[in-house]
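The model shown is predicted, which means the values in this text are computed figures rather than measured ones. For the numbers below, each heavy atom of this structure counts, side chains included, while hydrogens, waters and symmetry mates do not.
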Amino acid sequence: MVALPEPDAEILAARDEILNDLKRLIAAPDGVIDHPDEIKPYETDALTAYRQTPLGVVLPETTVEVAAVMKYCHERGVKVVARGAGTSLAGGALPMADAIVIGVSKMIDILDVDYDNRTITLQPGVTNLGVTDIVSPDKFFYAPDPSSQLACTIAGNIGMNSGGAHCLKYGVTSNNLMGVEMVTTAGDIVRLGGKHLDAGGLDLLGLITGSEGTLGMVTEATLRILHSPEGARPILYGFETSAVAGECVDAIISSGIIPVAIEFMDKPAIHATERFAHAGYPLDVEALLIIEVEGSNDEIDTMLGRIQKIAADFKPAYERVAKSAAESLAIWKGRKSAFGAIGRISPDYFCMDGTIPTGKLPEALDRISSICDSYGFEVANIFHAGDGNLHPLILYNANETGETERAEECGGDILKLCVELGGCLTGEHGVGVEKRDLMVEQFTPAELDLQRRIKRVFDPKYLMNPHKVFPLVDNPGLAGPILSPVQMEAGE
């Protein structure tokens, strides 16, 4: 279990005073939540193994209100944790006991839709799927599509640089974000980027994207929207082993074909998902690939023909091309429901998130299975195979003594494997607290020092989403505060 810090006793003692001050900065009467029962939903995100009740919750409606709250907290020395919908699987929105949570659930205004320039500007509390819902009547869409897109917000997508099934062709959030309005930790309002491309100067927009709320708080975003394709069609393949499925993926990518998506599910995931979503998945195969292409009917037929020719070399046990829009929707409903469906076969699971070169897929799948076997855990694999973004789900029972800790150790070994194979610790979930102490596996002390110094420029008092991303014990000489062993032991 990762360590949680000891809270600032002085801030805790001043809780009522702080919350009363914050109420004067927010116009809405329900804009500050201080009752223990109402705060409880904010004590964790989707990494539910960790919980911590925050000092209070603020729900602003405007950038001006966010700036006022941030300025107050900066001057008072109060920590701040920005929160979208709380769907983070890495503990990125886990609050501290002496921190204020600033949520974006009331920041849902659409500020501008510009089809000529293919952009939409909005407040960050709008959900991912909500963006496409706004522009789809005019045959446009927003490309990044994480599985939690029905609930997750643009704020969280920017913080974690989220991707999704279709990121193979269209990229992740950083490839579809044009500009932001952001409030610094001191309460200053700044704009980075806009409707234009390639602004001069340092790429501060790229720095903010994926920074997990550690550098400031985004209050407005300008996103790239794309014209909807003429059509799209998925094909299902079933294979006798996961390794062969991985080899097929590598062959498709190395051929130069770029489908919209290549998704992988292994047998435990297939069975759980089919019982839940009834998507028509084959139940007698060890691994399933969902490969989707798009374009005109002629383009789709040509692309599918090339993919079928490649796949034939790997002797698939099952093959089916979707023949209707309803069948395509059912296939994708199954994939989007997969993480939730795993709850039918295990009381708890850790959803890992590491990335590897696609050529290493067969080896990675084999070694992930061996790692989980060594800990006595079953694993279900569901992931974005086209770009090597793995999501092994370690199945465990939190009610069994020691299983949570062992499952975390198992997950740590899987992420170390990703780095060993030439990949990285995270593809789209972020670092948060989950992977914080594993950062030393990927970065040298000098590299971590550089990252910390950048944070210090934006957040000199170390108040923004503290104790996330950066390991706490790698080198006490690095920039940024490091918890002492006593503090860490007290927080375990």
Side-chain angles (χ1 to χ4, degrees), residues 163-172 229 231-270 273 281-282 284-295 298-322 328 331-332 334-335 338 353-370 379-392 414 417-424 427-428:
H166 291 84
C167 68
L168 176 59
K169 179 175 181 179
Y170 294 114
V172 294
R233 197 182 311 159
I235 183 171
L236 290 183
Y237 279 112
F239 294 91
E240 293 182 355
T241 69
S242 293
V244 172
E247 291 170 1
C248 182
V249 171
D250 186 43
I252 292 170
I253 296 299
S254 62
S255 75
I257 299 173
I258 304 296
V260 186
I262 305 179
E263 296 294 294
F264 176 101
M265 300 169 69
D266 67 5
K267 191 169 186 176
I270 295 168
T273 300
Y281 293 162
D284 57 349
V285 297
E286 291 296 322
L288 174 73
L289 294 180
I290 303 171
I291 306 172
E292 184 170 84
V293 298
E294 66 181 18
D298 287 344
E299 287 176 306
I300 290 173
D301 289 342
T302 299
M303 291 273 279
L304 287 179
R306 292 177 63 191
I307 290 170
Q308 287 172 309
K309 185 176 180 179
I310 294 170
D313 292 339
F314 299 93
K315 298 179 174 55
Y318 179 91
E319 177 182 334
R320 174 164 60 92
V321 178
S328 296
I331 289 171
W332 280 111
R335 172 58 184 87
D353 168 53
T355 301
I356 61 167
T358 55
K360 297 289 187 178
L361 269 173
E363 179 182 356
L365 292 171
D366 183 63
R367 291 180 63 182
I368 286 170
S369 179
S370 295
V379 60
N381 284 290
I382 305 168
F383 58 83
H384 312 310
D387 60 342
N389 187 188
L390 307 182
H391 294 309
I414 290 173
L417 169 66
C418 290
V419 175
E420 176 193 332
L421 294 177
C424 59
E428 58 181 342

Quiz item: Hey, what do you get for OG (S255) to CD1 (I253), rounding to the nearest 0.5 Å?
Solution: 7.5 Å
Quiz item: How long is the gap from CZ on F383 to CG on L361, to the nearest 0.5 Å?
Solution: 5.0 Å
Practice problem: Mind listing the closest non-hydrogen atom pair of I368 and P392 along with its distance? | Solution: CD1-CG, 3.8 Å
Quiz item: For S370, what residues pass the side chain to side chain contact (heavy atoms under 4.5 Å, CB included) criterion, not counting sequence neighbours?
Solution: none
Quiz item: What residues form a side chain to side chain contact (heavy atoms under 4.5 Å, CB included) with V419, not counting sequence neighbours?
Solution: L425, Q442
Practice problem: For C167 and G164, work out which heavy atoms get closest and say how close. | Solution: SG-O, 3.0 Å
Quiz prompt | Where at least one partner belongs to residues 360-369, residue pairs that pass side chain to side chain donor-acceptor pair (under 3.5 Å), sequence neighbours excluded | solution = E363-R367, R367-E420
May I have the list of side-chain donor-acceptor pairs in residues 258-270 shorter than 3.5 Å, sequence neighbours left out?
residue, atom, partner, partner atom, Å
E263, OE1, R335, NE, 2.7
E263, OE1, R335, NH2, 2.9
E263, OE1, H384, ND1, 2.9
E263, OE2, H384, ND1, 2.9
D266, OD1, A269, N, 3.4
D266, OD1, N381, N, 3.1
D266, OD2, N381, N, 2.9
D266, OD2, N381, ND2, 3.1

Self-check item: Residues forming a salt bridge (Lys or Arg N to Asp or Glu O under 4.0 Å) with E319, sequence neighbours excluded
Solution: none
Quiz item: Which atom names give the shortest non-hydrogen contact between S328 and A232, and what distance separates them?
Solution: OG-O, 4.3 Å
Practice problem: State, yes or no, whether a side-chain contact exists between I310 and I257 at a heavy-atom distance under 4.5 Å. | Solution: yes
Practice problem: Mark yes or no for whether D387, through its side chain, and L168, through its backbone, hold a donor-acceptor pair below 3.5 Å. | Solution: no
Quiz prompt | side chain to side chain donor-acceptor pair (under 3.5 Å) partners of D301, counting only residues at least two apart | solution = R233
Side-chain donor-acceptor distances from residues 236-247 under 3.5 Å, at least two apart:
residue, atom, partner, partner atom, Å
T241, OG1, V244, N, 3.1

Quiz item: From L390 CG over to I382 CD1, what is the distance, rounded to the nearest 0.5 angstrom?
Solution: 12.5 Å
Practice problem: Might you point out which heavy atoms bring A364 and I356 nearest each other, and give the distance in Å? | Solution: CB-CD1, 3.4 Å
Quiz item: Atom CD in E292, atom CD1 in I300: separation rounded to 0.5 Å?
Solution: 8.5 Å
Quiz item: Measuring from I235:CD1 to M303:CE, what's the distance to the nearest 0.5 Å?
Solution: 12.0 Å
Self-check item: Spacing of T302 atom OG1 and I307 atom CD1 [to the nearest 0.5 Å]
Solution: 11.0 Å
Self-check item: Set of residues satisfying side chain to side chain contact (heavy atoms under 4.5 Å, CB included) with respect to P282, sequence neighbours excluded
Solution: D284, V285, L288, Y318
Self-check item: Closest non-hydrogen atom pair between P234 and I331, with its separation
Solution: CG-CD1, 3.9 Å
Quiz item: Any side-chain heavy atom of Y281 within less than 4.5 Å of one from I290?
Solution: yes
